[in-house]
Amino acid sequence: MTFNELTQKTFAAIRATGLSRGPDRWIGGVCGGIAAKLGVDPNAARIVFLVLSLIPGPAVTFYIWAWILLPDGTTNRIYLESWLSNDSRT
């Protein structure tokens with residue numbers, strides 16, 4: 001399996017989860033997307049993230065990786081996929 005085939009399978013699997021960065025955004029839409037998937041208020045997800053960020057742990061790292069790996073809710077674009085394919089769209 002080539003690197004390109006592996007990345008295509010990876011991004012297809014991420015999209016298949018149904019989790020995406022939501023349109024209700026403050027920074028990257030990660031909390032909004034998680035809230036939409038779980039059916040809770042986006043502000044509740046943001047508060048939980050804020051509390052987890054204050055406790056020593058990987059919350060900020062998780063948020064950055066989710067921002068890079070989750071598809072956009074409107075365009076279905078994954079940042080990492082675009083970067084790996086040298087796509088110059090922003």
Side-chain angles (χ1 to χ4, degrees):
M1 179 178 294
T2 67
F3 177 75
N4 191 30
E5 292 170 339
L6 180 62
T7 57
Q8 291 300 322
K9 280 187 166 188
T10 302
F11 295 129
I14 291 170
R15 284 188 178 96
T17 64
L19 186 60
S20 63
R21 293 180 287 117
D24 184 7
R25 301 176 179 205
W26 282 10
I27 299 174
V30 174
C31 291
I34 291 171
K37 179 73 173 174
L38 297 176
V40 299
D41 181 46
N43 289 327
R46 291 178 183 114
I47 290 170
V48 169
F49 175 75
L50 180 63
V51 169
L52 291 175
S53 295
L54 297 175
I55 300 169
V60 174
T61 303
F62 168 78
Y63 189 93
I64 292 169
W65 275 107
W67 191 351
I68 292 170
L69 289 173
L70 292 179
D72 188 284
T74 55
T75 64
N76 206 31
R77 176 177 176 234
I78 297 175
Y79 284 127
L80 183 61
E81 182 179 31
S82 297
W83 293 334
L84 289 175
S85 68
N86 294 322
D87 189 353
S88 60
R89 291 178 294 160
T90 55

- Message: Can you confirm whether I27 is buried at CD1, in the sense that more than 12 heavy atoms of other residues, nucleotides or ligands lie under 6.0 Å from that atom?
- Response: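 It does not: I27 CD1 has 12 such atoms or fewer within range.
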Closest heavy-atom pair and its distance - [X], [Y]:
| X | Y | answer |
| --- | --- | --- |
| P71 | R15 | CG-CG, 4.1 Å |
| A45 | C31 | CB-O, 3.6 Å |
| S82 | R77 | OG-NE, 2.9 Å |

Hydrophobic cluster identity match, [X] and [Y], side-chain contacts under 4.5 Å:
| X | Y | answer |
| --- | --- | --- |
| Y63 | L38 | yes |
| V30 | W65 | yes |
| F62 | V40 | yes |
| L80 | V60 | yes |
| I64 | L54 | no |

When rounded to the nearest 0.5 angstrom, what is the spacing between [atom1] in [X] and [atom2] in [Y]?
| X | Y | atom1 | atom2 | result |
| --- | --- | --- | --- | --- |
| I14 | F11 | CD1 | CZ | 6.0 Å |
| S20 | I34 | OG | CD1 | 10.5 Å |
| S53 | R46 | OG | CZ | 13.5 Å |
| L70 | N76 | CG | CG | 11.0 Å |
| I78 | W67 | CD1 | CH2 | 15.5 Å |

- Assign the ring pair Y79 / W83 to parallel, tilted or perpendicular, where the plane angle (0 to 90°) is split at 30° and 60°.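 The arrangement is parallel - the two ring planes meet at less than 30°.
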